[in-house]
Amino acid sequence: MQVLLSRILRRAARVDHALAWCGRKLAGTLLTVFVALLLAATPAQRADAAEPHRYALSMFHFNIQYVAGGLEGFVPGLPADSPQVRNWEIDDEMVEDHIITESFEPVLDLYLAHPTWGVDIELQGYFLDVLAARHPTVLAKLRSLAVSGQAEVVSFHYSDQLFLAFPREDWERSQTLTRQTFERNGIPLATTVFAQEGQAGTGMPRAMAERGYRVLVWPKNLFSFQHGAFDAAPYYSLGGVDMIAGAQGVRSVAGDVEIDVDWTFFDDGEKLATGDADPYFTPIFIHKPPAVARYEKEVAGLEAQGYSISTIGRYVSEVRGLGVEPAQAPPLLDGTWQPNSTDGMRKWLGGAGIWDAERDNDVRSVQALAHREIVAAETAAHASAIDRSPLDDAWRLLALSEVSDSTGINPFRGEVEYGIGDATEALRIATEAIDQAKASLGAQTVQIDVAQGSVQVEPPVPEGGGEIAPPLQVRVDAGGRTWRQSWTGAAAGVARLELQFDPGSAAPSRKLAVTFPGDSTEIVYCPALDDDRPVSIPKSSFTFDHYQMALANGLIGLSAQRFVVKETARVHLAATVTPTDGDVTFSDDTAPTQDRLTWVFHVVDGTLDDAVGYANRLNVSPTVIR
Amino acid sequence: MKRPSFQVRLGLVCLLFVAAGCGGGNGAATPTSSPTFTSTATATLTPTATFTYTPTNTPIPTTTATPTPTRTSIPTATVTSTPTPTATRLPGVEMAGRLDLDIRWSADVEIRVVGKNLTAMLTLNDAREVAVAGVALEGMGNVHDFPEVDAVLYTARFTSPPVADGRCGAQPVSLSLTLLRRGTNDHVAGGVAVYCGANTNSGTAARMLRLAGSLTAK
């Protein structure tokens with residue numbers, strides 16, 4: 001805004017001088033203001049400035065798991081053999097094929113027709129596997145665009161998974177799969193990062209740098225949700241990598257360098273060529289050439305105005321080359337690209353959508369259980385020297401199961417069960433590996449310590465902690481269900497809370513919540529992909545009235561020396577924090593009414609390091625007896 | 001990714017289907033009676049591994065269900081498979097249920113648990129491009145306990161002859177059944193991972209079928 005005001009005043013001064021010569025001071029002053037405003041509203045350059053550098057950027061976010069598992073069962077009120085259902089409820093492969101032929105290939109064709117236009121296309125690694133298996137000619141088109149540098153093919157994960165809610169190891173395995181599939185298919189992997197649901201977090205830069213990524217696209221709405229309206233800098237520095245505010249235009253003057261940025265597209269890529277239809281609606285999810293033509297005309301118009309239709313990576317590189325220094329990013333929290341409408345991360349971790357089949361906690365906690373079992377199986381396989389290769393399949397299945405759409409934004413029942421079914425198969429592979437390891441070791445029972453990488457044969461049977469007095473008073477909203485709490489000592493300074501909810505009988509029993517009292521004026525947690533690196537950020541840094549946290553390792557601070565850790569294999573819901581008090585609430589609006597449910601939390605009294613270590617031994621690198 | 005615009009549109013479309021029941025009927029299966037705890041697992045995991053462990057814990061609901069299969073689908077393959085009669089008066093605990101298969105179809109599952117082992121029968125009422133509809137497949141498997149989280153996983157493996165025009169073409173089909181139960185709830189969920197080739201239970205699945213519903217003691 002300061003830049004804009006400065007420009008207006010400079011222009012006003014020049015015009016004012018000319019009008020004074022005519023002696024019509026008053027009218028001239030009014031006219032000055034009018035003309036100045038007109039001038040300010042146009043992209044005209046300053047007389048004493050160099051030609052502005054204009055860029056038009058894009059991010060086409062494609063998701064081959066847009067309807068994970070396919071559309072069968074989507075319109076259950078119609079009989080399976082009706083023509084309407086046959087036309088609509090297509091299976092998993094047909095949904096994938098439609099995404100490619102109706103929405104993806106037309107975008108590639110558009111850019112192939114304009115070799116001077118750069119574009120960013122984001123997709124998961126699995127997308128390439130589908131192209132290679134059934135659409136080799138489309139894969140060849142993508143390869144052509146990528147190899148020439150015209151397109152940046154952006155990918156951060158193999159599956160469109162909710163990686164902000166799970167341990168780093170899950171993402172590492174997914175990332176490795178992504179690189180393998182890019183290499184196998186001859187597609188250069190871009191150094192720009194954008195992710196499913198616009199997930200962005202402060203643990204990403206370190207992970208990015210270690211993997212050769214350079215530019216993080218941070219969604220503008222996730223930025224403004226935390227800090228209010230803002231004028232974007234040309235680019236930022238965040239944790240050692242460059243960052244830009246996705247889809248936020250830039251009007252910046254730094255010295256003699258003027259940078260203008262407009263965005264031509266920043267959305268689900270499936271929508272461009274289909275006239276804003278999406279893959280849930282088979283009958284209308286078809287390639288509509290006029291929609292592509294409209295977009296083509298818009299971009300051509302920008303090019304005619306002098307805009308460089310650029311990739312994001314090239315834009316940042318050129319701006320840096322002009323001597324523009326990055327702005328320092330403000331304090332930021334993990335989140336997604338539409339935090340207003342999704343209530344931050346909660347839509348995927350307890351928030352309800354429009355269907356009644358959601359069971360967020362069920363889905364996410366079984367995935368957390370699968371993580372624990374796979375890392376235990378890896379440890380057991382290493383200790384027993386058995387073949388661990390089946391575990392690669394388990395990691396792949398876990399990545400698929402963790403797809404964001406199994407719990408949000410509006411998952412229908414098929415997507416919910418996709419998230420469970422892939423996870424239980426991963427669980428099966430892991431348990432069989434552990435059984436095989438036990439047989440190899442000649443053991444009936446083993447204690448597997450993932451953090452230590454050790455396996456103890458026939459361990460002594462450990463005793464459970466005794467009942468203790470509650471260290472704090474939780475507030476529980478049981479939705480009309482009968483509920484109980486029990487507190488036991490879990491370790492020195494650690495109290496384990498088990499909340500049991502009996503089956504309910506009415507809709508309100510879908511909604512459960514527990515609040516832990518706290519007094520912290522800071523948000524203390526470990527950002528995703530940084531399981532062992534906690535951050536403490538003053539709540540006063542932010543403008544929101546509440547925020548939803550995923551908590552990949554389960555930890556969040558209640559006070560300076562007290563922390564609560566959710567046991568993610570039992571309860572994996574978003575934590576709600578507010579700037580006005582230190583309380584932390586976990587809530588679920590999707591609890592299955594007929595089920596008996598148990599949530600488990602651990603309250604740790606000690607140092608932050610103690611709490612982080614405890615959380616990671618519980619949820620990231622556990623000890624299990626099998 | 002479902003953006004808000006999708007929500008609005010979906011809501012409108014859903015209204016068009018209200019008469020047909022769109023958005024309804026997707027809830028979890030309803031147990032036929034209240035479950036009773038038979039588990040003694042206290043599931044007290046700590047990082048120092050001091051938890052109460054009950055290795056043989058196998059929560060079994062006490063409700064009774066009598067599946068009455070109605071096999072209406074027509075087999076799509078020209079294979080010969082002999083349905084296996086249900087074993088009776090055998091040791092162990094029997095569980096059975098008609099589970100929803102990919103929402104629109106069903107699968108009859110019968111499991112007999114003896115210790116940590118189980119035998120299972122799986123009958124799909126639709127071929128799903130992987131097996132012959134209406135023909136019971138017999139398999140063996142295991143019960144896997146996760147006492148620290150009060151959960152149990154039932155697994156079983158099956159083999160089906162090649163299915164014409166199926167996802168595995170001329171290859172035989174290996175099926176991996178997994179069902180997870182939390183505590184003593186009747187509700188189980190999981191699926192059938194379908195692998196091409198005989199005795200193949202890893203690699204990239206040719207199809208993942210989804211199962212959910214009530215699996216109760218017979």
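Chain letters run A, B, ... following the sequence lines, proteins first and then strands; every chain starts at 1.
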Residues B/Phe146, A/Val624; criterion side-chain contact (heavy atoms from CB on, under 4.5 Å); working and verdict: CA-CA 9 Å; B/Phe146 308 99; A/Val624 300; over 6 Å; no
Is the shortest heavy-atom distance from the side chain of [X] to the side chain of [Y] under 4.5 Å?
X	Y	answer
A/Thr424	B/Leu153	yes
B/Met208	A/Asp92	no
A/Gln594	B/His187	no

Distance (rounded to the nearest 0.5 Å) between A/Glu425 CD and B/Tyr195 OH: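 Reported to 0.5 Å precision, the distance equals 3.5 Å.
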Spacing of CG belonging to B/Asp186 relative to CG belonging to A/Asp595, to within rounding of 0.5 Å: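 Reported value, rounded in 0.5 Å steps: 8.5 Å.
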Intermediate values then yes/no, side-chain contact (heavy atoms from CB on, under 4.5 Å), B/Leu180 and A/Val366: CA-CA 9 Å; B/Leu180 185 80; A/Val366 71; 3.3 Å; yes
Looking at every heavy atom in both [X] and [Y], which two are closest together, and how far apart are they?
X	Y	answer
B/Ile103	A/Glu417	CG1-OE1, 4.2 Å
A/Ala569	B/Val149	CB-CG1, 3.7 Å
B/Asn201	A/Arg428	O-NH2, 2.8 Å

Top contributor to chain A contacts, counting heavy-atom pairs under 4.5 Å, from B/Ser202, B/Ala205, B/Ala189, B/Ser176: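 Winner by heavy-atom pair count: B/Ser176.
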Between A/Ser365 and B/Arg182, a side-chain donor and acceptor under 3.5 Å: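 The criterion, which ignores hydrogens and geometry beyond distance, is satisfied for B/Arg182 and A/Ser365.
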Need one label for [X]: side chain, backbone, both or neither, based on atoms under 4.5 Å from any heavy atom in chain B.
X	value
A/Leu397	side chain
A/Ala368	neither
A/Val85	side chain
A/Asp362	both
A/Glu373	side chain
A/Arg396	side chain
A/Glu89	side chain
A/Pro460	neither

Between A/Asp422, A/Leu400, A/Ile429, the one whose heavy-atom pairs under 4.5 Å with chain B are most numerous: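 If we count pairs closer than 4.5 Å to chain B, A/Asp422 comes out on top.
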Chain B contacts, top residue of A/Val494, A/Val403, A/Leu427, A/Val416 (heavy-atom pairs, under 4.5 Å): A/Leu427
Salt-bridge criterion met for [X] and [Y] (N-O under 4.0 Å):
X	Y	answer
B/Glu148	A/Arg372	yes
A/Arg413	B/Asp100	yes
A/Asp435	B/Lys116	no

Given B/Arg104, B/Arg167, B/Arg210, the one that forms salt bridge (Lys or Arg N to Asp or Glu O under 4.0 Å) with A/Asp91: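 The passing option is B/Arg167.
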